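Everything numeric here is computed off the predicted structure, so don't read it as measured data.
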Amino acid sequence: MRWPNSLRNRVLAVLAASMVLSALLVGLASTVLWEPFTRWVLRDQIEDNGAALARHMRFDAAGRPSGFDEAKIEPWLFESFRAEVLLRVIDANGRAIYATDGETAVLTRNGKGFEPWRQSFTFTHRGVAMHGVTIPREHAGKRLFVQFAVSDRMVLQMRESIGLDVLRQGLMALAATFVLVFFVTIHLALRQALQPVREASSAARRIAPRTLDQRLPAAGSPASCVRWSRLSTRRWTGCRGASRRSRSSSPTRRMS
């Protein structure tokens, strides 16, 4: 592979290689960490939803749960997905005093008893894998626990249809747009910044052995190029002076 001669092309090549390497590393990391990340997002979302359900729960005059604030939580969710979405309200004695599906069984880990603290867990309900959460709630001096669970198959179906795949496509489109804008911006910036260098290089190529007394134009050139040009001029002038003195003092010159 031939390395570009132009400074601008070299900078662009280095940036392109860096972007490609970064994309490969990000892709590899996404492939390895995608499944743990989705599980973490799922657990976090279930906890947030459980906390929202506990916050918008309504109670009757006797202090018993009677439903939810319909302006915040629409009741059709539990009615339409009775087998996929479960909700329990547990009292301090570990008994279910409210359930959207009419059952009184407490939601627990497989083979474990009721654990009265905030946590997320997985379990099996009627042969279906479920993701659940327990959220403590205080009401009228009584400590209650709101349990919310959603089936794994429902989460998987939503994720494959309109969930994380859409997010992944959006992130890929955003990354492609970012790379395109980045390269266009870098290309224009380098073209503008290196314009004086190209002009100085073009002027230097026009200097021939018969026109060694010409100087590179200092107007509009970068300060580093001006300093380099002045240093080169001083060194070239010193070399020419030394060469002339050497020729004038040579024996052949004196004999003539």
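Between T108 and F121, the closest side-chain pair of non-hydrogen atoms is not below 4.5 Å. Taking 4.5 Å as the limit, every side-chain heavy atom of K72 sits out of range of all side-chain heavy atoms of R55.
Here T122 contributes atom OG1 and I46 contributes atom CD1; the two are 10.0 Å apart, rounded to the nearest 0.5 Å. For the atom pair CZ of R82 and CG of L87, the computed distance is 12.0 Å after rounding to the nearest 0.5 Å.
Residues passing the salt bridge (Lys or Arg N to Asp or Glu O under 4.0 Å) test with R109 are E115, sequence neighbours excluded.
Both I97 and F148 belong to a single network of hydrophobic side chains, linked directly or stepwise wherever heavy atoms of I, L, V, M, F, W or Y lie under 4.5 Å apart. Under the 4.5 Å side-chain heavy-atom criterion for grouping Ile, Leu, Val, Met, Phe, Trp and Tyr, Y98 is connected to F81 within one hydrophobic cluster. Under the 4.5 Å side-chain heavy-atom criterion for grouping Ile, Leu, Val, Met, Phe, Trp and Tyr, V128 is connected to F123 within one hydrophobic cluster. Both V89 and F68 belong to a single network of hydrophobic side chains, linked directly or stepwise wherever heavy atoms of I, L, V, M, F, W or Y lie under 4.5 Å apart. With hydrophobic clusters built from ILVMFWY side chains whose heavy atoms lie under 4.5 angstrom apart, L77 shares a cluster with V146.
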Next on the checklist: For a side-chain contact (heavy atoms from CB on, under 4.5 Å) check, start with the C-alpha distance between V85 and M154, then their side-chain angles and the critical distance, and finish with the verdict.
Outcome noted: CA-CA 9 Å; V85 181; M154 182 176 179; 4.0 Å; yes
Item to check | Step-by-step side-chain contact (heavy atoms from CB on, under 4.5 Å) determination, D69 to I73 | outcome: CA-CA 6 Å; D69 183 1; I73 308 296; 6.0 Å; no
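E47 and S120 make their closest contact through OE2-OG, 3.4 Å (heavy atoms, listed as atom of the first residue, atom of the second, distance). In terms of heavy atoms, H125 sits closest to L86 at CD2-CD1, 3.6 Å. Taking each heavy atom of A96 and T104 in turn, the nearest pair found is CB-O, 3.3 Å. F59 and L144 make their closest contact through CE2-CD1, 3.6 Å (heavy atoms, listed as atom of the first residue, atom of the second, distance). For the residue pair W117 and F145, the shortest heavy atom distance occurs at N-CE2, 4.2 Å. Shown here for P65 and M57, the closest heavy-atom pair between the two residues is CB-SD, 3.8 Å.
Using a 4.0 Å cut-off between a side-chain N of Lys or Arg and a carboxylate O of Asp or Glu, R126 and E103 qualify as a salt bridge.
A 6.0 Å sphere centred on CZ of R95 holds no more than 12 heavy atoms belonging to other residues, nucleotides or ligands.
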Mind listing the side-chain donor-acceptor pairs of residues 130-137 below 3.5 Å, one per line with the distance, residues two or more places apart or on another chain?
from : atom 1 : to   : atom 2 : distance (Å)
H131 : NE2    : D152 : OD1    : 2.7
T134 : OG1    : Q147 : NE2    : 3.2
R137 : NH1    : A54  : O      : 2.3

